[in-house]
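Residue numbers start from 1 in every chain, and the chains themselves are labelled A, B, ... in the order their sequence lines are given, proteins ahead of strands. In this text, all values refer to a predicted model and were calculated from it rather than measured experimentally. Just the heavy atoms: all of them, side chains too, but no hydrogens, waters or symmetry mates, feed the values below.
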2 protein chains.
Amino acid sequence: MKLSEAEWQIMNALWKKYPATAREIIGQMETDNGWAYTTVKTMLTRLAAKGVVGEEKRGNTSWYMPLVDQSSARKSALETVFDRVLDGTVAPLMNFLIEERKLSRKEREELIRMLRESERKGKKT
Amino acid sequence: MKLSEAEWQIMNALWKKYPATAREIIGQMETDNGWAYTTVKTMLTRLAAKGVVGEEKRGNTSWYMPLVDQSSARKSALETVFDRVLDGTVAPLMNFLIEERKLSRKEREELIRMLRESERKGKKT
DNA sequence: GACATCTTTCTACAGATGTAGTATATTTTC
DNA sequence: GAAAATATACTACATCTGTAGAAAGATGTC
């Protein structure tokens, strides 16, 4: 299931707390892009049409909830980026992790640990 | 500069060898998506309009070349994915690198080395 | 119960994208 | 130099995206 950039933002807000109303979702988004209420509703409707969010009515108001797993969704998005953008090369990813200072010390250590672990297990040469 | 998925494929082919003609670019693309010649031309024209590729005519034929740096382009695409899709979390990236077996032993070792290095330098706690 | 306030549902619309066909200009090949 | 093969420039068109307004229905508030 392919999501657009704006849709990812909605999904990310929704994954943080659900079920949620459109209004709540707007509040939940850190990056306040100043979307009109109906803009968010439109996107929710589209997401529901795609089957990635569920919509449930209580009284007059719709409550939304994700129907897809966050990490699988992210994984497949990464998969696509990896193939299309990075052309299957890992170097840019490693550089990104390391040089763009996205890693805290803790994360760095965790990553090293994971790498050692996977090395030990001899996964894929 | 924002590129679409199809445009990334063209760019990746072009970065591999340039200057190149439309015909050559088609040949250069590993994933043969069966695009019509004119489809590729259309995309090249659009890319030129965006200013990311240069077009130079020799005789009747246009030769194209990238005008943007591959790694900067990739970096900024990753930046966007990181913000919009991953919502600023690194965990999915680490998992992707490790669990999706994208790393060869060599790459894994290289990555560990890079991590140690960056640790030593104490970049961003 | 009339008015203000939300919500929902529909409709809209411009620009981006994927995908190419056509007509025309050029070059190559006998 | 006429026919065949190429390349270019234009045009086209359905979808997807971002963005929302308007109309109509439901609720809250005195």
Side-chain angles (χ1 to χ4, degrees), chain A residues 1-14 18-29 31-65 68 73 76-77 80-81 83-85, chain B residues 1-14 18-29 31-65 68 73 76-77 80-81 83-85:
Chain A
M1 201 44 54
K2 193 122 248 309
L3 302 181
S4 76
E5 249 179 66
E7 288 172 337
W8 274 106
Q9 288 183 260
I10 299 283
M11 290 308 288
N12 278 323
L14 193 51
Y18 60 85
T21 63
R23 197 63 69 184
E24 288 177 328
I25 291 170
I26 291 176
Q28 200 75 195
M29 293 189 301
T31 326
D32 183 3
N33 14 28
W35 278 330
Y37 178 82
T38 50
T39 297
V40 173
K41 280 291 284 182
T42 298
M43 294 196 287
L44 283 166
T45 303
R46 287 179 184 170
L47 286 165
K50 287 187 184 182
V52 294
V53 312
E55 180 170 3
E56 189 185 324
K57 275 210 150 159
R58 290 188 207 150
N60 171 43
T61 306
S62 287
W63 291 75
Y64 299 91
M65 70 218 69
V68 297
S76 73
T80 301
V81 168
D83 293 346
R84 293 287 136 74
V85 174
Chain B
M1 200 44 55
K2 195 119 244 311
L3 301 182
S4 77
E5 249 178 66
E7 288 172 337
W8 273 105
Q9 289 182 260
I10 299 282
M11 290 308 288
N12 278 322
L14 193 51
Y18 61 85
T21 63
R23 195 64 68 185
E24 287 177 329
I25 290 170
I26 290 176
Q28 200 74 197
M29 293 189 300
T31 325
D32 182 3
N33 14 28
W35 279 330
Y37 178 82
T38 50
T39 298
V40 173
K41 279 291 283 184
T42 299
M43 294 197 288
L44 283 166
T45 303
R46 287 179 185 170
L47 286 165
K50 288 187 183 184
V52 293
V53 313
E55 181 172 1
E56 189 184 325
K57 273 209 152 159
R58 290 189 208 151
N60 172 41
T61 306
S62 287
W63 291 76
Y64 299 91
M65 70 218 68
V68 297
S76 73
T80 301
V81 169
D83 292 346
R84 292 288 135 75
V85 174

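Within 6.0 Å of the CE atom in B:Met65, the count of heavy atoms belonging to other residues, nucleotides or ligands exceeds 12.
When heavy atoms are screened at a 4.0 angstrom cut-off, B:Lys2 is found touching no nucleic acid atom at all. When heavy atoms are screened at a 4.0 angstrom cut-off, A:Arg23 is found touching the sugar-phosphate backbone but no base atom. Base contact: A:Thr38 has a heavy atom under 4.0 Å from a base atom. Backbone-only engagement by B:Ser62 is indicated by non-hydrogen atom pairs under 4.0 Å involving sugar-phosphate atoms exclusively. Across all strands shown, B:Thr39 has heavy atoms under 4.0 Å from base atoms, whether or not it also approaches the sugar-phosphate.
Computed from coordinates, the B:Ile10 CD1 to C:dA16 C1' distance equals 16 Å when rounded to whole Å. C:dA23 atom C1' lies 15 Å from atom NZ of B:Lys41, rounded to whole Å. One interatomic measurement links the two molecules: CG of B:Leu44 to C1' of D:dA7, which rounds to 13 Å at whole-angstrom precision. The CD atom of A:Glu5 sits 14 Å away from the C1' atom of D:dC16 (whole-angstrom rounding). When rounded to the nearest whole Å, the span between CD of B:Gln9 and P of C:dT17 equals 14 Å. Put simply, CD1 on A:Ile26 is 13 Å from P on D:dT19, counting in whole angstrom units. Rounded to whole angstrom, the span from the CZ atom of B:Arg58 across to the P atom of D:dT8 amounts to 13 Å. Atom CD of B:Glu55 and atom C1' of D:dA9 are 10 Å apart (whole Å).
If you take CE on A:Met43 and CD on A:Gln9, they are separated by 7.5 Å, rounding to the nearest 0.5 Å. Interatomic distance, OH of A:Tyr64 versus CG of A:Leu14, reported as 10.0 Å (0.5 Å rounding).
Scanning atom types as modelled, one donor and one acceptor separated by under 3.5 angstrom connect the side chain of B:Thr42 and the base of C:dA20. On a pure distance criterion of 3.5 Å, a polar donor-acceptor pair joins the side chain of B:Arg46 and the base of C:dT19.
Side-chain contact between B:Thr61 and B:Arg23 is absent, with no heavy atoms from C-beta onward closer than 4.5 Å. Within the 4.5 Å cutoff, the side chain of B:Lys2 has heavy atoms near those of the A:Glu5 side chain.
The phosphate of C:dT19 (OP1 or OP2) has no side-chain N or O of B:Tyr37 nearer than 4.0 angstrom.
Toward the 5′ end of DNA chain D lies the nearest nucleotide of A:Ser4, the other residue of the pair A:Ser4 and A:Asn60 mapping further downstream. Each of A:Trp63 and B:Ala6 was matched to the nucleotide of DNA chain C holding its nearest heavy atom; the match closer to the 5' end belongs to A:Trp63.
Distances were taken from every side-chain heavy atom of B:Trp35 (C-beta onward) to each of C:dT8, C:dT19, C:dG18; the shortest belongs to C:dT19.
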